[in-house]
Amino acid sequence: LAGGVPILSTPSEGTLARLIRETGTGESTIERDDASLEAALKRMLCDPGRLCSMKANAERLYNDQFNPTTVYKLLIKHVEGMVQMHSDPT
């Protein structure tokens, strides 16, 4: 994502597939289906405008949600919440 590389993923359902669909960062294919994988690759490579959009979306997603500063802030907030929950005498 950081380098603006689109995602090509299996399976076609689940958290990653939903993220890819919602953000336009790549393609998800059916698990263990060579034809589905081939079709996804062809769609990505045969439409330069779409591929360019996927690349830009991938980089934007990384910058917005997965850059180290954002990830570490969320991790610290989560750990602080766990500490507070376990140190609360009630």
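Values in this document were obtained by computation on a predicted structure and should not be read as measured data.
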* Structure fact -> Rounded to the nearest 0.5 angstrom, the CD1-CG distance for I20 and L8 is 8.0 Å
* **Shortest non-hydrogen contact from T29 toward L37** => CG2-CA, 3.9 Å
* Asked: Heavy-atom count around D34 CG within 6.0 Å, excluding the residue itself: above 12?
  -> no
* To do: Under the salt bridge (Lys or Arg N to Asp or Glu O under 4.0 Å) rule, collect the residues that match up with E27, sequence neighbours excluded.
  => R43, R50
* Structure fact -> Heavy atoms of Y62 and P68 approach each other most closely as OH-CD, 3.1 Å
* Straight-line distance of R18 CZ to S12 OG, nearest 0.5 Å -> 12.5 Å
* To do: Look up atom CG in L61 and atom OG1 in T23, then write down how far apart they are to the nearest 0.5 Å.
  => 5.0 Å
* To do: Can you sort out the partners of K42 under salt bridge (Lys or Arg N to Asp or Glu O under 4.0 Å), two or more places apart, ordered by chain and number?
  => E38
* Pairwise distance CG(L1) to CD1(I7) - rounded to 0.5 angstrom -> 4.5 Å
* What are the two closest heavy atoms between M44 and G26, and how far apart are they? -> CE-CA, 4.5 Å
* Asked: Looking only at heavy atoms, which two atoms of I30 and S36 are closest? And how far apart?
  -> N-OG, 3.1 Å
* Asked: Passes side chain to side chain donor-acceptor pair (under 3.5 Å), R60 versus N57? Steps please.
  -> CA-CA 5 Å; R60 187 177 312 108; N57 292 342; 2.7 Å; yes
* What's the shortest heavy-atom distance between P11 and S28, and which atoms? -> O-CB, 3.8 Å
* Structure fact -> Interatomic distance, CG@L75 vs OG1@T70, rounded to 0.5 Å, equals 12.5 Å
